[in-house]
Protein chains: 2
Amino acid sequence: MDATEQAEGRAARGTAGQARRMPRAERRAQILDAATRAFARGGFAATGLDDVAAEAAISRVILYRHFASKSELYREVLDRARTHLIEQVGADNFTEYSIPAFVKAAAADPAGFRLLFRHAVREPEFRDLTDSLAAYSTEVAHRHLTALIPDEDWAQWAARLVPTVAIEAVIAWLDAGRPEPDRAAERIADAVHGVIDAAQPR
Amino acid sequence: MDATEQAEGRAARGTAGQARRMPRAERRAQILDAATRAFARGGFAATGLDDVAAEAAISRVILYRHFASKSELYREVLDRARTHLIEQVGADNFTEYSIPAFVKAAAADPAGFRLLFRHAVREPEFRDLTDSLAAYSTEVAHRHLTALIPDEDWAQWAARLVPTVAIEAVIAWLDAGRPEPDRAAERIADAVHGVIDAAQPR
DNA sequence: CCACTTGTTAATTCACGAGTATACATGTAA
DNA sequence: TTACATGTATACTCGTGAATTAACAAGTGG
């Protein structure tokens, strides 16, 4: 998705099957990128270290010179994706810039985005990393909605649904080929407002 | 969730650790119910046959007298959930009764519902069972939306998002404690319409 | 040139869960 | 009461994938 992996593919190997030599820090970062893509396909359990190694175009043993275990690697991948996302969306409040920033972040790192929200959220052993995100976004939404929705049950319903719909709307947008990248956030925000309206008293 | 398992728990065992004797067909159905609940917690890979056996309050070996393998059991569980859902929602077209029927079906079998849409959809080996559902609902939505949304990209976006939002709205409703069961479908339908509006040209 | 790091391949250990086999206990029906 | 189906418990086999080790190759920097 950016500048680190365009050199990987086949070009990473010489004729003798030797991978390109790389300084430690760079290799580490490149493994994290590759692991993000590999894990994004099937999540933790379904993705073997061989898959990760293949994606990074190195041998499996090398992984252990950079990460103590599969779990640790995965945790670091998730943590990085989460951190990047928070950095780009930031804000403790739900503002008109939240959704555009969210869309932009997803477009910048779709693998990380999918990994976080399609897989990691369903993996109990790593919930601690995604629960903060989920709980936090729900809480922000709830704080924002509590003024708009008098019924507490439906306010909770909307508070849980708003982040989910934002996520799913973004993924659907990615899947649809990212039409109108600069208007997408607008559409997605509208879909979110549809949920809020649905929770209004009638 | 219905009439088959209220007798299970501890009451199923006598003092000697012997499970209640049950005719073959009944036991089979009870295992399927229990397996639905067990698998609904973590999906196929994360759920061991021990978990299933424990949930059914029988020993693990018995499972093999009813099902040839874990995969076969899982397939049957999924197929049953899918069939029940289709029976209750039915309709080849999206009508005003579709969403109420959908909500009702989810309320009747929440474990099967979650299993299908939270787990099975992300399990490549069992995609054949859920793809029909997903592809079909997307196609129905697309057919319904193509008249309303001129831009094909956004029509596709909405067609994918509509079933997803319906599903997520139902799950959020279940999680929120099922408030106002008879008005829920109305709210959920509103949320869905919010998505459709968001895809309109502006 | 020498030491060190970054790589490779191959073989091995280990844990875990699916699947199988065996021996035994107990309701139920002919 | 005899035959059979339904149940238990235990102990295995077997495959897979994580984790480790060892021997070797090749850039790089002092």
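Below, chain A is the first sequence line, B the second, and so on; all start at residue 1. Remember, it's a predicted structure, so these values are computed and weren't measured experimentally.
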**Item:** Side chain R60(B) and base dA9(D) donor-acceptor under 3.5 Å
**Value:** no
**Item:** R21(A) (side chain) and dT5(C) (base): donor-acceptor pair under 3.5 Å
**Value:** yes
**Message:** Using a heavy-atom cut-off of 4.0 Å across all strands, would you classify L49(B) as base, sugar-phosphate, or nothing?
**Reply:** sugar-phosphate
**Request:** Name the residue closer to the 5' end of DNA chain C, choosing between R65(A) and V61(A) according to the nucleotide with the nearest heavy atom.
**Result:** R65(A)
**Asked** If you check the Y64(B) side chain, which of dT9(C), dT20(C), dA19(D) turns out closest?
**Response** dT20(C)
**Prompt:** S59(B) has a side chain; which of dT6(D), dT8(C), dA9(D) sits nearest to it?
**Reply:** dA9(D)
In whole Å, I'd like the distance from the [atom1] atom of [X] to the [atom2] atom of [N].
X	N	atom1	atom2	answer
I58(A)	dT9(C)	CD1	P	11 Å
R27(B)	dA5(D)	CZ	P	17 Å
K70(B)	dT20(C)	NZ	P	15 Å
Y74(B)	dA18(C)	OH	C1'	16 Å
F67(A)	dT6(C)	CZ	C1'	15 Å

**Asked** Checking D197(B) side chain against G194(B) main chain: does a donor-acceptor pair fall under 3.5 Å?
**Response** no
**Request:** Could you tell me how the ring of F39(A) sits relative to the ring of F44(A): parallel (under 30°), tilted (30 to 60°) or perpendicular (over 60°)?
**Result:** parallel
**Message:** On the nucleotide dT6(C), are OP1 or OP2 found under 4.0 Å from the side-chain N or O atoms that R20(A) carries?
**Reply:** no
**Sole residue of V170(A), L133(A), T164(A) in side chain to side chain contact (heavy atoms under 4.5 Å, CB included) with F117(A)** = L133(A)
**Item:** Pair F113(A) + F102(A): ring centers closer than 6.0 Å
**Value:** yes
